[in-house]
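Below is one structure, written out as structure tokens; the observations come after it.
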Amino acid sequence: MDNLIALLVAAPLLGAAVLLCGGRRLDAVGHWIGTVLASASFVIGAILFADMLGKDEEHRAIGQHLFSWIPVEGFQADVAFQLDQLSMTFVLLITGVGSLIHVYSIGYMEHDERRRRFFGYLNLFLAAMLLLVLADNYLLLYVGWEGVGLASYLLIGFWQHKPSAATAAKKAFLVNRVGDMGLSIAIMLMFTTFGTFAFGPVLEATGETGEGKLTAIGLMLLLAACGKSAQVPLQSWLGDAMEGPTPVSALIHAATMVTAGVYLIVRSGEIFNAAPDAQLVTTVVGAVTLLFGAIVGCAKDDIKKALAGSTMSQIGYMILAAGLGPIGYVFAIMHLVTHGFFKAGLFLGAGSVMHGMNDEVDMRKYGGLRKHMPVTFVTFGLGYLAIIGFPGLSGFFSKDKIIEAAFAKGGTEGWILGSVALLGAAITAFYMTRVMLMTFFGEKRWQPDEKGNEPHPHESPRSMTIPMIVLAFGSVFAGGFFGIGDRFLHWLEPVTEHAHGHPPIGATAITLSTVTVMIVGVGLAYLQYGRRPVPVVAPRGSLLTRAARRDLLQDDFNHVVLVRGGEHLTRSLVYVDHTLVDGVVNGTAASMGGLSGRLRKLQNGYARSYAVSMFGGAAILIAATLLMRAV
Amino acid sequence: MSFPLLTATAALPAIGAIATAAVPAARRTAAKWLALLVSLATLALAVIVLVRFDPDGDRYQLTESHSWIKDFGVRYELGVDGIAVALIALTALLIPFVILAGWHDADPLETHSSRWRPTQGFFALILAVEAMVIISFEATDVFLFYIFFEAMLIPMYFLIGGFGDRAHAGSDEHAAAQRSYAAVKFLLYNLAGGLIMLAAVIGLYVVAGNFSLQEIAEARANGSLDMATNTERWLFLGFFFAFAVKAPLWPLHTWLPNAMGESTAPVAVLITAVVDKVGTFAMLRFCLQLFPEASKWATPAILVLALISIIYGALLAVGQRDIKRLVAYASISHFGFIIMGIFAMTSQGQSGATLYMVNHGISTAALMLVAGFLITRRGSRLIADYGGVQKVAPVLAGTFLIGSLATLSLPGLAPFVSEFLVLIGTFARYPVIGIIATFGIVLAALYTLVLYQRTMTGPVKPEVSAMPDLKVRELVVVAPLIALLIFLGVYPKPLTDIVNPAVKQTMSDVHKKDPKPEVEAAK
């Protein structure tokens with residue numbers, strides 16, 4: 001069984017290689033090759049899962065050592081895999097949702113002449129993401145970490161002829177690189193502290209070093225997580241990433257890649273457990289982001305960007321939970337999985353709407369679509385109920401547990417974090433109801449475009465609706481399946497450990513409050529977007545709304561400080577290099593040997609004669625040495 | 001006496017150079033094929049060197065030793081350690097691609113007469129450079145090394161000054177002036193370095209009484225050759241200065257952007273991927289072995305200069321408008337990493353630096369040669385003159401992207417392995433410097449991806465709309481380089497196996513041990 005692990009990665013990697021190097025002759029079958037290999041990976045994952053279930057809880061982790069990667073004195077990096085319950089959860093999520101999205105893309109990308117390449121990139125993404133969650137050491141994880149970044153870069157910029165797409169792709173990669181610096185430094189710190197960066201040895205030895213080192217490592221890992229998971233202050237790329245084709249947004253920028261930061265923190269649990277300061281910062285980052293994303297989500301009229309704000313916010317919940325330590329790890333991952341189902345479903349629904357609306361993304365130009373796209377409406381609606389935490393659906397179980405755990409952190413911190421999480425739940429209900437109402441309810445608001453083409457909304461083909469239906473099932477039932485009887489907890493506990501939190505108020509009271517704030521959020525949104533007609537042109541809005549439309553001004557800040565500042569810096573350096581450094585060095589040489597005077601003369605046309613004399617000099621030198629021998 | 005393999009590896013391209021130059025004017029194509037075949041045969045010899053070399057054997061292998069200038073104790077002494085073997089292999093590997101990529105770079109223009117000869121000269125000079133670089137890697141006699149270290153300037157000078165990039169923005173006259181400025185600047189900078197080194201070489205002879213690297217190093221190690229602290233420091237500085245010019249290290253770097261910008265892309269590759277490596281190689285071989293104490297004394301200053309090179313080169317690359325100058329500044333940043341790795345004085349740093357020399361050679365060759373194909377098509381070096389190339393020439397754009405990703409050290413490609421080793425090796429001893437250097441990875445992503453975005457994406461510019469995709473000859477150049485980048489990124493073990501023992505030796509030359517990890521030390 002152990003030897004199957006490498007196949008999980010190898011199947012999609014093969015797909016990527018074949019599709020990207022295969023050339024045009026594979027155009028006709030490329031999407032099938034990609035889909036089959038993605039599904040193959042899922043089947044292998046399922047076999048390994050069945051095998052794992054057959055073993056007793058404590059002996060489920062297996063590993064596979066492939067080869068020694070970078071053997072250098074004192075430095076040991078291997079290509080080796082580790083498959084435990086945590087990795088297994090991700091493997092099933094990645095390959096399961098991944099395969100569904102491959103199927104969906106067959107229809108969605110049907111008219112794109114570069115469809116083969118699209119599937120090649122998708123397969124590349126799967127391979128990198130699987131490598132990330134299967135690696136048994138931080139350096140190999142890093143390969144997957146940047147590999148998914150590359151796939152994300154290629155897919156955000158898939159429509160490269162659009163300057164906005166190319167810019168968004170570059171921005172995503174760059175912001176992520178800032179996070180990657182954190183991962184690099186964390187690995188270096190591990191190396192100097194523990195002499196290794198393999199999970200097992202590092203996580204076992206955390207007790208042997210001081211809290212300061214562990215805090216530093218934890219904060220660096222958090223920086224990495226902020227980049228990959230679009231958490232404040234490195235969140236600015238995710239909204240722009242919606243330039244990519246919608247299946248990409250669903251798979252990479254909602255269900256899987258952006259959750260890698262949560263994986264990293266939960267995987268490094270022992271480090272964070274021993275570094276309370278790093279944990280505190282983690283919870284703060286999570287809490288801030290969950291509000292930040294939710295507020296941005298309320299203001300966006302672009303359906304995908306509204307969902308992107310939501311993704312950011314929901315991952316904020318997960319990071320918050322992960323920062324809580326053993327009382328939160330399991331719930332962070334549980335929310336990650338249920339979120340994977342409903343958010344992927346919501347994005348695919350958004351894609352289906354766009355498919356029927358000539359790629360229009362402005363929700364102000366939708367309205368009343370439930371009549372035209374019944375399947376999309378129902379599946380999207382179920383995803384909607386799941387994300388707002390409607391009792392009984394997936395999000396209800398997973399989010400409620402996180403809010404409970406936040407309160408259970410105790411003290412003032414617990415109250416603040418818990419309240420923020422509750423507030424977030426209200427805003428989630430608000431913005432999601434807004435999306436729902438603007439898209440599927442009310443009167444039709446679309447108009448013919450300049451060329452006179454009026455959209456004719458229609459239901460999408462079956463290859464697209466079937467994945468949506470499957471994900472809707474997950475959105476409805478996964479939470480209950482995981483939550484009732486603490487199934488998910490028992491499954492993951494041997495890896496992440498679990499401590500029962502004791503919130504200062506009763507669990508029932510928290511659940512009731514969660515449901516109450518949800519109803520308030522829905523009600524407020526209904527008053528504004530359900531009772532009144534939605535204007536086709538966005539109203540000016542309050543100061544906060546306007547700021548939220550601009551991602552709370554973070555891009556403006558980046559532009560002024562980093563982009564402009566950087567441009568000035570590099571320009572002045574180019575000048576300095578040309579005049580000062582070059583000048584001083586030449587000048588120094590001149591004062592010693594008349595170099596610059598000669599240089600100036602040479603520019604006036606003496607180059608040739610000088611070269612000849614140079615050559616002559618060298619020849620004499622060599623001749624002299626040869627002669628010496630003869631003498 | 002066994003077959004002088006090392007001499008043969010250097011002599012073959014030298015003879016090839018003469019033969020190529022002698023081909024009649026009209027038989028241009030024959031000259032090109034001859035040069036290509038010679039370079040391939042040299043590669044075959046280099047492979048034999050690689051196979052014959054036993055990583056676990058003596059420090060210097062395949063040695064040859066003959067008396068040369070008896071009066072001064074100058075000997076014709078050759079020998080290779082793992083580091084030299086790796087770099088000889090790199091050189092021999094790259095030259096065929098350089099020749100193939102430059103296949104039409106020295107073709108006569110319509111205005112030239114049929115007796116125009118420089119085509120032969122171009123390829124002969126490339127082979128001459130190869131011969132001299134290889135023997136520099138092999139020489140274990142300081143004077144012998146010095147001669148070829150200097151002599152390679154001559155063919156390089158003519159390659160830069162005589163065969164400029166035809167894609168020049170200005171008039172022909174202006175282009176010629178720029179070119180000769182670049183060539184002379186290259187020559188004078190390196191010659192100045194060389195002169196100072198010559199003084200140090202003579203000084204070394206005065207102190208040691210001979211030029212043999214092995215003898216002097218041994219005498220230094222067992223204490224029979226004592227140098228006064230100041231003497232050692234001065235001699236070290238003399239050597240180091242010459243190598244720092246060639247490497248090039250900030251602030252002695254300004255000749256490189258001129259030289260790489262004005263020469264053709266294959267010659268630019270020759271400069272940065274091959275010739276400059278002699279500088280960093282010589283730091284490892286000569287500075288550390290001959291002057292271990294002075295090396296340690298100078299380490300802090302050198303590390304700071306290397307760090308400046310890394311950040312400064314990267315920032316300058318961001319600010320460039322010219323594709324080739326951008327790659328030149330990126331190289332300056334990368335040479336900063338190599339020098340930092342050497343002087344971090346850790347096993348990881350020095351193994352990383354050696355790997356870096358090889359990987360940087362391959363990645364820069366891939367990026368620069370594709371950039372050259374691009375520039376030849378459009379006739380301009382300016383980034384702003386491109387846009388949307390991806391749409392019309394997807395294979396060219398794809399290979400350019402892989403070259404860019406290698407330049408930004410994407411994990412999975414070879415340069416990541418070496419860059420990470422250098423960083424971790426530096427961090428282990430100098431955490432602050434290691435952390436600041438890590439900013440280089442963000443800047444590298446910035447300059448490469450901005451370059452890619454501006455040239456390859458966006459709407460198709462009218463001037464590039466008819467641009468053809470890569471031809472077979474060009475694919476033959478790029479594909480193997482990319483395959484190597486991937487292979488050495490995934491499985492660098494064959495390379496590390498050769499390099500590790502040599503690094504271990506160098507570490508013991510300078511009497512340095514790797515810092516112990518905190519937890520292990522506590523045990």
Side-chain angles (χ1 to χ4, degrees), chain A residues 67-75 139 142-143 146-147 150 157 160-161 163 166-167 170 173-174 177-178 180-181 184-185 187-188 191-195 205 208-209 213 566 569-571 573-574 577 581-582 584-585 589 593 595 598-599 602-603 607-608 610-611 614-615 618 622 625 628-629, chain B residues 68-69 71 147 150-151 154 157 161 177 180-181 183-185 187-188 192 251-252 254 312 315-316 318-319 347-348 351 388 390-391 405 410-412 417 421 423-424 427-428 434-435 438-439 441-442 445-446 449-450 453 457-459 491-493 496 500 503-504 514-515 517-520 522:
Chain A
F67 55 89
S68 172
W69 179 26
I70 313 178
V72 165
E73 185 78 22
F75 180 97
L139 198 65
Y142 191 16
V143 177
E146 285 226 10
L150 170 67
Q160 292 187 330
H161 52 277
T167 309
K170 182 193 65 189
F173 197 95
L174 278 177
R177 267 259 152 155
V178 176
D180 295 349
M181 259 184 75
S184 290
I185 295 172
I187 296 174
M188 294 188 230
F191 179 73
T192 53
T193 311
F194 305 109
E208 295 175 46
T209 186
K213 274 276 171 62
L569 177 68
T570 53
R571 274 197 208 134
L573 273 182
V574 169
D577 194 57
V581 179
D582 204 16
V584 168
V585 174
L595 178 81
R598 277 181 218 171
L599 262 180
L602 286 160
Q603 272 179 286
R608 197 168 291 251
Y610 193 82
M614 200 69 173
F615 186 73
I622 293 173
T625 49
M628 266 194 227
R629 197 194 167 190
Chain B
W68 184 19
I69 310 171
D71 297 341
I147 289 180
E150 285 294 274
I154 298 161
Y157 169 80
S180 67
Y181 175 72
V184 170
K185 195 171 176 184
L187 194 61
L188 290 189
L252 305 170
T254 55
Y312 185 90
L315 283 172
L316 265 288
V318 175
S347 305
Q348 300 89 40
S351 289
Q390 195 276 332
K391 192 99 181 164
L405 293 173
L410 187 84
V417 174
L421 282 172
L423 281 172
I424 211 164
F427 182 86
I435 287 174
T438 312
F439 279 94
I441 72 172
V442 179
L446 185 61
L449 294 185
V450 168
Q453 184 190 356
T457 70
Y491 196 62
K493 193 165 176 291
T496 53
N500 284 342
V503 166
K504 213 171 182 172
D514 289 328
E518 183 192 312
V519 168
E520 196 181 298

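We name chains A, B, ... by the order of the sequence lines, and we start the count at 1 in each one.
With values rounded to the nearest 0.5 angstrom, B:Lys493 atom NZ is found 11.0 Å from A:Phe67 atom CZ. Between the CG atom of A:Leu569 and the CG atom of B:Leu316 there is a distance of 9.5 Å, given to the nearest 0.5 Å. Atom CG of B:Asp514 sits about 12.0 Å away from atom CZ of A:Phe75, to the nearest 0.5 Å. Atom OG1 of A:Thr192 sits about 4.5 Å away from atom CZ of B:Phe427, to the nearest 0.5 Å. Here CD1 of A:Ile70 is found 8.5 Å from OG1 of B:Thr496. Values are rounded to the nearest 0.5 Å. Taking NZ of A:Lys170 as the start and OG1 of B:Thr457 as the end, the distance is 8.5 Å to the nearest 0.5 Å.
Options A:Phe191, A:Trp69, A:Tyr142 differ in how many heavy-atom pairs under 4.5 Å they form with chain B, and the most are formed by A:Trp69. Most heavy-atom pairs under 4.5 Å with chain B: of the set A:Glu73, A:Arg177, A:Glu146, this distinction falls to A:Arg177. Annotation: maximal heavy-atom pairing with chain B below 4.5 Å, among A:Leu573, A:Val143, A:Thr193, occurs at A:Thr193. With chain B as partner, the option from A:Val72, A:Val574, A:Asp577, A:Asp180 having the largest number of non-hydrogen pairs under 4.5 angstrom is A:Asp577. Ranking B:Val442, B:Leu446, B:Ile435, B:Ile424 against chain A, the residue ahead of the rest is B:Ile424, based on heavy-atom pairs under 4.5 Å. Ranked by non-hydrogen atom pairs under 4.5 Å with chain B, the options A:Met188, A:His161, A:Arg571 are led by A:Met188. Between chain A and the residues B:Ser351, B:Gly388, B:Gly434, B:Pro492, the most heavy-atom pairs under 4.5 angstrom are made by B:Pro492.
Proximity to chain A is limited to the side chain of B:Gln453, based on heavy atoms less than 4.5 angstrom apart. In this structure, the portions of A:Phe194 lying under 4.5 Å from any heavy atom of chain B include both its backbone and its side chain. Interface residue B:Leu423: backbone and side-chain heavy atoms are both found under 4.5 Å from chain A. Heavy atoms of B:Val503 lying under 4.5 Å from chain A are absent altogether. At a 4.5 Å heavy-atom cutoff, the contact between B:Tyr312 and chain A is made by side-chain atoms alone.
Residues B:Pro459 and A:Pro163 come closest through the heavy atom pair CD-CG, 3.8 Å. A pairwise comparison of heavy atoms in B:Leu315 and A:Thr570 identifies O-CG2, 3.3 Å as the closest pair. Counting all heavy atoms, side chain and backbone alike, B:Ile441 lies closest to A:Ser184 at CD1-OG, 4.0 Å. For the pair B:Glu518 and A:Thr209, the tightest heavy-atom approach, listed with the atom from each and the gap, is OE2-OG1, 2.6 Å. Between B:Asn500 and A:Pro71, the closest heavy-atom pair is ND2-O, 2.9 Å. Heavy atoms only, all atoms of each residue included: B:Gln390 and A:Gln160 are closest at CG-OE1, 2.7 Å.
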